[in-house]
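Worth knowing before you read on, the calculation uses all heavy atoms, side chains too, and leaves out hydrogens, waters and symmetry mates. Just so it is clear: chains get the letters A, B, ... in the order the sequence lines come, proteins before strands, and each one is counted from 1.
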Protein chains: 2
Amino acid sequence: MLTFSEENYLKTIFHLEQIHSNGVSTNALSKEMETKASSVTDMIKKLSEKKLINYKKYKGFKLSQFGMETAIAIIRKHRLWEVFLVEKLNFSWDEVHEVAEQLEHIKSEKLTNKLDAFLAYPKIDPHGDPIPNKDGNFPKISKMLFSECQVGDEGTFIGVKDSSSIFLQFLDKNNIYLNAKVKIIQKEAFDLSLKIEINNNTIMVSHKTASNLYLQS
Amino acid sequence: MLTFSEENYLKTIFHLEQIHSNGVSTNALSKEMETKASSVTDMIKKLSEKKLINYKKYKGFKLSQFGMETAIAIIRKHRLWEVFLVEKLNFSWDEVHEVAEQLEHIKSEKLTNKLDAFLAYPKIDPHGDPIPNKDGNFPKISKMLFSECQVGDEGTFIGVKDSSSIFLQFLDKNNIYLNAKVKIIQKEAFDLSLKIEINNNTIMVSHKTASNLYLQS
DNA sequence: AATAAAATTTAGTCTAATCTAAAAATATGT
DNA sequence: ACATATTTTTAGATTAGACTAAATTTTATT
Ligand SMILES: [Mn+2]
Ligand SMILES: [Mn+2]
Ligand SMILES: [Mn+2]
Ligand SMILES: [Mn+2]
C-alpha cells in the first residue's frame, strides 16, 4: 500500500516524463514537488526499492511499467473526482483541483469504477485533460499552445496548462471558456502578445496567458 | 489542521463518551483504537495541547467544546459519504464503512455542505445512525437493543450497533432489513436467544445478534 | 493501613518524510 | 584537460505516530 507522499511523487514523475521523455532528474522533481533535492533522493530510493521506478545513482530515473500504471490510476481518480465536483456538486472549475488532490488518494477500485459509471464514463475533466479508463488507456489529444500558433491558425480552445484557481478565474473574467472557437489574428513581435478572435469577440492575450491555453485545430 | 490520526482519536473518544459519560480512560481508548496504552497517552497529550480535550494526568479526559464540534464534523462527513455510496453509487450497506473511514478525512467544508445538499439533506445513514447537520445538531434517536427488550415489545428495526461487513451480510442473508416491523415473541432463559416476528416471518436470533440490533417502539 | 494488582505514564527505539550541511560525482568553460 | 560550477548523494537532525519495557500512580484486597 502506497503512502500519499509516494503517490504524489509518482504522479509528478509521470507529468515530468511527458516533457523530459529521456528520464527525470532529481532537481527537476525537487523543483516540481517543492521539496529539497535530498528529500527527493530519499524518496527515489524507496520508489526504486518498491520497483515503481528504474533508477541508477546520478543518472536519473523513469517510471517502471508498474509505476506508470499506478500513476495513471491516481490521475484517473483525480480527474473523475473533478468531474464529479463540477457536474454533480456544482463546483466551478477553479475550485476543484485542491479537493481532488485529496480525493485522488482514496483507495477503493470499486469506488473509482462506480464513480466512473455514475458520471457516465466522462472522457475529459473540467480543464480539458483526458481521463484514463479502467485499463489505464486514454487518447493522446493533439493540441498546441496558443503561444506556439501562427497568425491565421484557428480551432477550438480545448484545455489549460495551468489549472490554478487564479488563472481559471482570470479566464472566467475574460469570457474565455472551454470549447470556444478561436482564431489567431495577430502576434506582436514586441511582447509576443496575441490578438485573438474568440466567440466572435476580439481580445488581446499576453504571452504568459497564451502559453497556458491549448488550441485544437 | 488535524492529522488523520488525531481525527480518528477524536471520533473514538466521542463514541466512548456516549457510554462513559463521566470521562474516558486511557485503557478504554487504547482498546477501542487497537493501540497500546502508551501510544494513547502520547496522543492524549497532543490533543490536550491543542485544546481538543480536557485532560488531567491519571484522571482520564473528556472532549472540550471545540473537540466535540470537531468530532461531530468528522462523523457528519462519514455518514454523508456512506449515504452517497449507497444512494448514488449503489454500494450495499456492508461495503461502505471502510471507504467512509477514508472519505471522512477530506478537508473541505464546501464539499461537505454541497454533498449534503446533493443528497437532499439526509437525516440518517445506511445503518440508521443520525447525520449531524451543518451546525452539528442531530436528534438523539430513542432506541433500545433487541436484547434489552421484554417479550411482547414491538416496534421498528431502526439501526445496528455493529456495522461490520460480516454482521451486515449475515442480516441480509436472514432477511433482516432496516425499517422492518418487529415483535419480540419469546426469550429463552438458557441462552438469551430471542424468537422474533419480523415482516410476518418468525425467526430465532442469538443473544449476540440481538445485542447489535436497535428497536424503536 | 499495608500490600498486591491494575492502570497510566515515562523513557527509549523505530519508520516515514522532511530538513540543513557537507561530501562526492558529473558537467562545463576556457 | 583541468579547474570550476552544478547536480546529486550522504550524514545527521527533527517530528509524528507507533512500539516495548520500566517506573509511577491509583485502586482493590486483605
Ligand atoms: Mn486537477
Ligand atoms: Mn495528491
Ligand atoms: Mn460507518
Ligand atoms: Mn477514520
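Backbone-only engagement by A/Tyr55 is indicated by non-hydrogen atom pairs under 4.0 Å involving sugar-phosphate atoms exclusively. Contact annotation for A/Ser39: base contact, defined as any heavy-atom pair under 4.0 Å involving a base atom. Nucleic acid contact class of A/Tyr9 (heavy atoms, under 4.0 Å, all strands): sugar-phosphate only. Looking at heavy-atom distances under 4.0 Å, B/Lys56 makes no contact with the nucleic acid at all. At the heavy-atom level, A/Thr26 lies under 4.0 Å from the strands shown only through sugar-phosphate atoms. Among the atoms of the strands shown, none is found under 4.0 Å from any heavy atom of B/Phe61. Using a 4.0 Å heavy-atom criterion, one finds that B/Thr35 contacts the sugar-phosphate atoms exclusively.
The pair B/Arg79-B/Glu104 does not count as a salt bridge, with every side-chain nitrogen at least 4.0 angstrom from each carboxylate oxygen.
A parallel orientation is assigned to the rings of A/His127 and A/Trp93, their planes being inclined by less than 30° (bins at 30° and 60°). B/Phe61 and B/Tyr55 have perpendicular rings, their planes meeting at more than 60° on a 0 to 90° scale where under 30° would count as parallel.
Between A/Arg76 and A/Thr112, the shortest heavy-atom contact is NE-CG2, 3.7 Å.
Dashed line: the shortest gap from a side-chain N or O of B/Lys46 to OP1 or OP2 of D/dG17 is under 4.0 Å. Put simply, A/Lys36 has a side-chain N or O that comes within less than 4.0 Å of OP1 or OP2 on C/dT20.
Side-chain to base pairing of A/Ser38 with C/dT20: one donor and one acceptor N or O lie within less than 3.5 Å of each other.
Here the nucleotide nearest the side chain of A/Lys45, chosen from C/dA16, D/dA18, D/dT10, is D/dT10. Nearest nucleotide to the side chain of B/Lys57, out of D/dA16, C/dC19, C/dT10: C/dT10. Proximity note for A/Thr3 (side chain, C-beta onward) versus C/dA16, C/dT9, D/dT9: the nearest is C/dA16.
A/Glu7 places its CD atom 11 Å from the P atom of C/dA17, with the value rounded to the nearest Å.
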